[in-house]
Structures are given as C-alpha cells and as structure tokens.
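One structure is given here, and the rest of the page talks about it.
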Amino acid sequence: MGRTYIVEETVGQYLSNINLQGKAFVSGLLIGQCSSQKDYVILATRTPPKEEQSENLKHPKAKLDNLDEEWATEHACQLMFAVEKSINRKRLWNFTEEEVSERVTLHICASTKKIFCRTYDIHDPKSSARPADWKYQSGLSSSWLSLECTVHINIHIPLSATSVSYTLEKNTKNGLTRWAKEIENGVYLINGQVKDEDCDLLEGQKKSSRGNTQATSHSFDVRVLTQLLLNSDHRSTATVQICSGSVNLKGAVKCRAYIHSSKPKVKDAVQAVKRDILNTVADRCEMLFEDLLLNEIPEKKILKKSSTSSLIESLFPFLDPL
C-alpha cells in the first residue's frame, strides 16, 4: 500500500493552469509536510528559469538533457536525490529513525492533464518508485497550527589557522554545528508549559459539538531554554585552537513553524520549531557571507581577523527579526 497525499485544492488549480509556453517541459517544487500516516501538500511553485537561458527554453525542441541541473537543484526542482544531496550539505540536523523518508514526484501530461504520482526513498538512491494516492481537499491549510519563537543567539566561531584548507564556509558550518547541539538539547516551553513529547499538542483544548478537538487559538508561543551542563554527570573540557581570527554572531531571529492539525504530537511540534530555528540561522548566515564565499580567493582561504570583524559589524543587523 502506497502513501496517501492530501493536497490543497488550489494546488490542483495551479498545476492545471501551468502553460508550457513552447517548452518541452517545466519543473517545480511541491511544498508540504510529512507525517507517519499521511503527507500533506499545500503549495506548488515552478522553477524560475535562468535569465540567460530564457530565450533558449522557448524552443519547443528543448530536451531534458539541456536542463541545467545545478540551477534546477538550487531551486529544489530537478532530481529528488540531487535535491537531497544539495540540501544535506548545509543541514544542521539529522533525520530521526521514526521519520518518513519517502518523497513524492508528480508527473503531469500537459495535454491530457493525467497525473502520475510516485514516491522514492531519499535515503536509498537505488530505491524503486512506489505508487501513491493523490487526493485534493478544500481549505486544507486553514486549520493548521503555527508555533512562534524568538531565539537570541550568541555564537562564537573560531577561524582555524592550522588547517589551511578550512574555508569560511567550513569554519562557519563547524561553529553552527556545535551551536545546533544546544538547540537540539534545549527545553521547549509551549505556551509556558513543559509537556510530555508523546502528548497530544491539542490536549486540554475545548471540543466542538461534533466531538472534534478545536484549538482555542491556531498559534502557540514557544520558548527555548538551553541547558547549562553544570552537574557532575557532564564533564566540560576545554580545547586550544590556533586561530587567525574569529566570527561572532549575535542577534535575534524570529521563527515560525507550521504543523498539520490531524492529531499532532508535542514532539512533532517541537521538532518543527527546532528545524525552523536551525534552517533560519543557517540560511541567513549563508546570505550574509554570500559575496565573500563567491569571491573567496583560493590562496587566501582563511580571512584575516580585521576584515572578518568589519564584515560582521556591518552586516549582522540582518539577523534581527523581520
């Protein structure tokens, strides 16, 4: 039995209105959320073409071989495994054993509008396609729950002087990975309370006349408490590292995660918040350093402290909540 995908009805309208405009094909991304029982799709979006390729793609004889894989992967719209490989390079979290690793691919015939829905296991490149059900539902995302959280960060990242192969990108990833462990091991208060991870997120909410649980509010306030390892069970060790400089990331990020309302567990909500925090900080750091990473001189992989410090001082306000 294959997986079932519950899809926002407006997604079907969007897909049916896509115009090839003389192209042999167009690619895109399905956005949603996986759960143990069902998967949900609430949005679909096309891959934007490269400007320099816009003219070439107008020819009806374009072939799949002519697709720029790097460009498509950047927008998560080419091959599923290429997308996973690209995302995994900067991901600060790991999949859990309980998580669903199947992802859906949807092929639509432009003339007949016939849909072919298949899933693949992204953890197994040799996995074969499995059939899946594709079902539309009106107002799917209107009842979703949101979790909002503001996280104040103070991350110190040393720039190694002993490893000449360490680029700014690698140094930053190493520093963020250490910080990510604090986020993963933190205590999460939902509306000021610590709840058992296996509890129903909506436990204690009022029930409607039909017997269904209704959230009094679609939004939950989440606060993160990072643990101080001061007890005897955890030994703190210090390391000495020769550095050419350091990067200090300070500021606050406002995060918001969404979760489906079909019997969500506390652990699902906490996981969604954790990953939004980690993804937000990783993405914003990448944007901060984008120019430096693109223009980094191979012979000068390690940036000098003076230039790095001035960069952070001038650009870090970008990490303030939007």
Side-chain angles (χ1 to χ4, degrees), residues 1-50 53-54 56-87 95 99-144 258-264 268 272:
M1 185 67 180
R3 296 190 64 79
T4 297
Y5 286 83
I6 307 301
V7 187
E8 175 67 56
E9 198 172 60
T10 54
V11 172
Q13 298 172 0
Y14 176 84
L15 295 175
S16 63
N17 291 331
I18 289 180
N19 189 345
L20 294 180
Q21 298 178 339
K23 303 179 182 67
F25 63 92
V26 294
S27 60
L29 173 68
L30 298 171
I31 301 173
Q33 193 170 83
C34 299
S35 71
S36 58
Q37 298 179 346
K38 299 177 182 178
D39 294 337
Y40 304 89
V41 178
I42 61 172
L43 186 66
T45 182
R46 285 182 54 180
T47 304
K50 276 186 174 180
Q53 289 188 341
S54 58
N56 296 331
L57 291 177
K58 291 181 180 179
H59 297 291
K61 293 183 179 180
K63 298 181 180 180
L64 184 62
D65 294 339
N66 295 332
L67 181 65
D68 187 327
E69 183 173 333
E70 182 181 354
W71 171 250
T73 301
E74 182 180 345
H75 292 274
C77 308
Q78 170 53 357
L79 299 175
M80 186 175 300
F81 297 105
V83 171
E84 172 61 20
K85 183 179 179 180
S86 176
I87 296 176
F95 281 95
E99 279 189 85
V100 175
S101 58
E102 287 185 76
R103 296 294 183 268
V104 66
T105 59
L106 192 71
H107 297 265
I108 305 175
C109 177
S111 56
T112 65
K113 303 300 180 182
K114 187 175 181 179
I115 290 178
F116 300 89
C117 186
R118 300 288 186 270
T119 63
Y120 294 86
D121 186 347
I122 57 173
H123 293 167
D124 181 11
K126 296 182 180 180
S127 64
S128 57
R130 298 183 60 189
D133 293 329
W134 186 265
K135 299 180 180 179
Y136 289 110
Q137 179 177 318
S138 177
L140 174 63
S141 60
S142 61
S143 61
W144 278 38
Y258 293 89
I259 189 169
H260 61 84
S261 56
S262 179
K263 298 181 179 179
D268 299 325

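For the numbers below, each heavy atom of this structure counts, side chains included, while hydrogens, waters and symmetry mates do not.
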Task: Steps toward side chain to side chain contact (heavy atoms under 4.5 Å, CB included) verdict (R3, D133) - done: CA-CA 6 Å; R3 296 190 64 79; D133 293 329; over 6 Å; no
Task: side-chain hydrogen bond (donor to acceptor under 3.5 Å, both in side chains) involving S127 - partner list, sequence neighbours excluded - done: none
Open item on the list: Nearest 0.5 Å, please: how far is CG in D39 from CD1 in I6?
Closed with: 9.0 Å
Task: Any side-chain heavy-atom pair of T4 and K135 under 4.5 Å - done: yes
- [ ] Taking side chain to side chain contact (heavy atoms under 4.5 Å, CB included) as the test, write out the residues that go with Q33, two or more places apart.
- [x] W144, I259, H260
- [ ] Please lay out, stage by stage, how T47 and V26 fare under the test side chain to side chain contact (heavy atoms under 4.5 Å, CB included).
- [x] CA-CA 8 Å; T47 304; V26 294; over 6 Å; no
Open item on the list: Counting C-beta onward and ignoring hydrogens, is there a side-chain heavy-atom pair between E9 and Y14 closer than 4.5 Å?
Closed with: no
In residues 115-123, what donor-acceptor pairs under 3.5 Å come from side-chain atoms, sequence neighbours left out?
unit_1: T119; atom_1: OG1; unit_2: E102; atom_2: OE1; d: 2.7
unit_1: D121; atom_1: OD1; unit_2: S101; atom_2: OG; d: 2.8
unit_1: D121; atom_1: OD1; unit_2: H123; atom_2: N; d: 2.9

- [ ] Determine, step by step, whether V41 and I31 satisfy the side chain to side chain contact (heavy atoms under 4.5 Å, CB included) criterion, reporting the C-alpha distance in whole Å, the side-chain angles of both residues, the deciding distance to 0.1 Å, and the verdict.
- [x] CA-CA 6 Å; V41 178; I31 301 173; over 6 Å; no
Task: Value rounded to 0.5 Å, distance of CH2 in W134 from CG in L15 - done: 6.5 Å
Task: Distance, nearest 0.5 Å, that separates CZ of R103 from CD of E84 - done: 7.5 Å
Open item on the list: Using 0.5 Å steps for rounding, measure from the CG atom of L29 to the CG atom of L43.
Closed with: 8.0 Å
Open item on the list: Given 3.5 Å as the limit, does a donor-acceptor pair link the side chain of K113 with the main chain of I108, or not?
Closed with: no
Open item on the list: I need the D268 CG to C34 SG distance, nearest 0.5 Å.
Closed with: 11.5 Å
Open item on the list: How long is the straight-line distance from CG of L140 back to OH of Y40, given to the nearest 0.5 Å?
Closed with: 7.5 Å
Open item on the list: I'd like to know if the side chain of E8 reaches the main chain of S141, judged simply by a donor and an acceptor atom lying under 3.5 Å from each other, with no hydrogens or angles considered.
Closed with: yes
